[in-house]
Amino acid sequence: MHLVTKSYFNTFCQNFGAPYEETKNFEAFANYCIFSKYSGDSVEISDLIYEGADPGIDGALVFLDDRAVFSLEELEETLRGSRREYGVTVVLTQVKSSISWSKMEIDSFIAAVSDLLSENPSQPHAAYLAEFRLMFKKLYENIGRIKNGLPDLHAYFVSAAPDTDATEINAAFQVGEDALKRLGYSHETRFVKTHRDVIHDLWLAADGPVEAKLPTIGYAPFPAAPNINNAYVATVLARNFIDSVLKNTDGSARKKLFEENVRDFLGVDSDVNSEIAQTIDEDERKSRFGLMNNGVTIVASSVRPAGQEIYIRDFQIVNGCQTSNVLISLDEKIDKSVSLMVKLIEADEPSIIDDIVRATNRQSKVEDAQFISTMGVLRKLEQYFSARGSGEVNRLYFERRKGQYSPENIAPVRIFDIREAARCYAAVAMMRPDLASRYPNRLTGDLLNDVYKPNYQEEIYYTSCYTHYRLKMLLSNKKFDGRYSKLRWHLMCAASKLSSEKYKEFECANKNEALYNLFAYNEGKWFDRLDRLVKIAIPDPDISRDLLKSPPLTQSILAAVDNF
């Protein structure tokens, strides 16, 4: 393996606590790089790979817009929860860590994809791929809800080898893409030759800074204001805004621009967005778009004008998600007659960014309940995590705003965003590992107020996240079989019950102290207790995917704790 590839791979394993043997970890690394191209969501390694029958496919992912969906139940729930159209992308991968190309392996991958998507597949499939097939079928049962009438199909054959000009290899990719198109299942079909340079670019883009140069028609600075380093209001061509800000250099849509925006895209057909779309559709009104639209607000770590361009770095669209997504959806209709007003603000103080988010969205009558990033309880949690972990070597961080710790070079495994912390809380405090594993989006959706309440003690959130962090480290260090990774939420739930019932016997002041100690050590009496708990609660990690998502599993695990 090339030294650069090896370095990036090792960094991934260290940062994410990769628990498997090297080949599986490399699959997870490659799939993470590809995953990050489509979504800014946090993701667990165990969600990126699978174990079981191998038909020549190493990863199968479904994206609704930029949200990854990992289970049939979550897909069904998402489709029930909204009547809008979704941009759907199906991603399939085959990953090879070898440094040579094989036409036979490329052909086998295409044959495996064709078989997987067929009505009557001939190859055996692991439970992970069997569920993917059900999700794939569910998409076609809701074909009217899919933008362009069909999902996009992107297949990646990943190799650690350098690029090659070998005729037979390049021909295999062209023939393979043609074969996927002939299946007739997709709108846009790509078969991507993912050599080591592509892997490097994907890895750097996964967590690297977002940068853009936005050409303007004209701009003017705002007067100086406390804690605002630079601020400008600019008039731009919508075409330039799409190509420079909303898209990557390869023409694909950027996926991490709206983490600070308080509303997800509502769809082109929603009331407010249909009016935006109608303005663009009518030639007579198109040129007045910039005057009729409220514009877009961008907060960035750096805003620097240069001539008629403005350079921005590490930026987020904090207001204008609907406008931006409509522009992307109607890309082909956006010509040079369409203008747009953009406010660009350089600020790094969290409270100032919160004020900007709240103020700009207030004007759009967004309900307070939608201000996830500005909820007082989350700000208090951020402060508590900072104070609680200040004396620890491997302290944990609560990420209230996406990317706020990026400049500090902190291992991602120690950073918990709102969604990931909610999953930990659900498993430990709510005793609902099923929610943590199968319905994570519900925890920051209709169950948000059940997860983050002002009167809850902050320590339970920190301890919940700590158990997850340490469990991942124990799995990574091979203290436990890597197959337990998919059962981590259930193990955390079992440990929560044990700590609640035994903390006095363990000579601890409370449940949180016992739970913390249970996961804090690599050896000694506390580790022996955890090791015994794992073997009693889940003696065999080879649990089927169907059983994994069933309520009886949780009940049986909790009942087993009584035998400790």
_Minimum-distance pair of heavy atoms, taken over all atoms of Leu533 and Ala494_ = CD2-C, 4.1 Å
_Testing the basics here: between Cys508 and Asn517, what is the closest heavy-atom pair and its distance to 0.1 Å?_
SG-ND2, 3.8 Å
*Would you say the side-chain atoms of Lys472 and Ser485 include a donor-acceptor pair closer than 3.5 Å?*
no
*Enter the distance from Arg432:CZ to Trp489:CH2 here, rounded to the nearest 0.5 Å.*
14.5 Å
*If you round to the nearest 0.5 Å, how far is CG of Leu487 from CD1 of Ile538?*
4.5 Å
*asked:* side-chain contact (heavy atoms from CB on, under 4.5 Å) for Asn142 and Lys138? Distances and angles first, verdict last.
replied: CA-CA 6 Å; Asn142 292 270; Lys138 179 61 64 175; 3.5 Å; yes
_Quick check: closest heavy atoms across Ile536 and Ala560, and the distance to 0.1 Å?_
CG2-O, 3.2 Å
*Check step by step if side-chain contact (heavy atoms from CB on, under 4.5 Å) holds for Ser36 and Leu202.*
CA-CA 8 Å; Ser36 298; Leu202 288 171; over 6 Å; no
*asked:* Glu85 vs Lys147, test: side-chain contact (heavy atoms from CB on, under 4.5 Å). Steps then yes/no.
replied: CA-CA 6 Å; Glu85 282 189 346; Lys147 183 180 176 183; 4.2 Å; yes
_Give me the atom names and distance for the closest heavy-atom approach of Leu443 to Ala422._
CD1-O, 3.7 Å
_Within the 4.5 Å heavy-atom criterion, are Ile310 and Arg304 side-chain neighbours or not?_
no
*asked:* Looking at Glu131 and Leu72, would you say the former's side chain and the latter's main chain have a donor-acceptor pair under 3.5 Å?
replied: yes
*Looking at Phe519, is Arg488 sitting on its ring face, NZ or CZ under 6.0 Å from the six-membered ring centre and within 45 degrees of the normal?*
no
*Is any side-chain heavy atom of Glu74 less than 4.5 Å from a side-chain heavy atom of Ser71?*
yes
*Which atoms form the tightest heavy-atom contact between Asn31 and Leu48, and what is the distance?*
ND2-O, 3.0 Å
_Under 4.0 Å between a side-chain nitrogen and a carboxylate oxygen: does that hold for Glu420 and Arg423?_
yes
*Do Tyr503 and Glu513 get their side chains close enough for a donor-acceptor pair, meaning under 3.5 Å?*
no
*Do the rings of Tyr484 and Phe480 sit parallel, tilted or perpendicular, given the 30° and 60° boundaries?*
perpendicular
*Look up atom CD1 in Ile460 and atom CG in Asn512, then write down how far apart they are to the nearest 0.5 Å.*
4.5 Å
*Would you please test Lys502 and Glu505 for salt bridge (charged side-chain N to carboxylate O under 4.0 Å, His left out) and show each step?*
CA-CA 5 Å; Lys502 298 283 188 178; Glu505 183 179 324; 3.4 Å; yes
*Distance from Tyr425 atom OH to Met492 atom CE, nearest 0.5 Å?*
13.0 Å
*Within 45° cone of Phe527 ring axis and under 6.0 Å: Lys479 NZ or CZ*: yes
*Report the distance from atom CG of Asn294 to atom OG1 of Thr323, rounding to the nearest 0.5 Å.*
7.5 Å
*May I ask you to establish whether Arg529 and Phe506 are in a cation-pi arrangement, using a distance under 6.0 Å from NZ or CZ to the six-membered ring centre and at most 45° from the ring axis?*
yes
*Is Arg419 salt-bridged to Asp417, cutoff N-O under 4.0 Å?*
no
*Decide yes or no for Ser496 and Met431: does some side-chain heavy atom of the first lie under 4.5 Å from some side-chain heavy atom of the second?*
yes
_Nearest atoms (heavy-atom pairs only) where Leu396 meets Cys465_ = CD1-C, 3.8 Å
*Any chance the side chains of Asn522 and Arg470 put a donor and an acceptor closer than 3.5 Å?*
yes
_Quick test of your reading of the model: are Lys380 and Glu458 salt-bridged, counting only N-O distances below 4.0 Å?_
no
*Check whether any side-chain heavy atom of Val413 lies under 4.5 Å from a side-chain heavy atom of Met473, and answer yes or no.*
yes
*Distance, nearest 0.5 Å, that separates CD1 of Ile298 from CG of Leu214*: 7.0 Å
*Output yes when Asp562 and Lys497 qualify as a salt bridge under the 4.0 Å nitrogen-oxygen rule, no when they do not.*
yes
*Would you check if there is a donor-acceptor pair between the side chains of Glu459 and Tyr384 at a distance under 3.5 Å?*
yes
_Within 6.0 Å of NZ in Lys478, more than 12 heavy atoms from elsewhere_ = yes
*Verdict with supporting geometry, Ile312 and Leu344, side-chain contact (heavy atoms from CB on, under 4.5 Å)*: CA-CA 8 Å; Ile312 52 178; Leu344 304 114; 3.6 Å; yes
_Pair Tyr461 and Tyr452, ring centroids less than 6.0 Å apart_ = yes
*Taking the six-membered ring for Trp, are the ring centroids of Phe16 and Tyr32 within less than 6.0 Å of each other?*
yes
_Ring centroid separation Phe63 to Phe35 under 6.0 Å_ = yes
*asked:* Whether the side chain of Ser499 engages the backbone of Ala495 through a donor-acceptor N/O pair (distance < 3.5 Å, no angle test) should be reported.
replied: yes
_Tell me if the centroids of the rings in Tyr397 and Phe385 come within less than 6.0 Å of each other._
no
*Short question: side chain of Asp47, backbone of Val43 - any donor-acceptor pair under 3.5 Å?*
no
*Salt bridge or not for Asp481 and Arg483, using N-O below 4.0 Å?*
yes
*Is the backbone of Tyr86 close enough, under 3.5 Å, to the side chain of Asp65 for a donor and an acceptor to pair up by distance?*
no
_Salt-bridge criterion met for Lys535 and Asp531 (N-O under 4.0 Å)_ = yes
*Are Asp66 and Ser39 linked by a side-chain donor-acceptor pair shorter than 3.5 Å?*
no
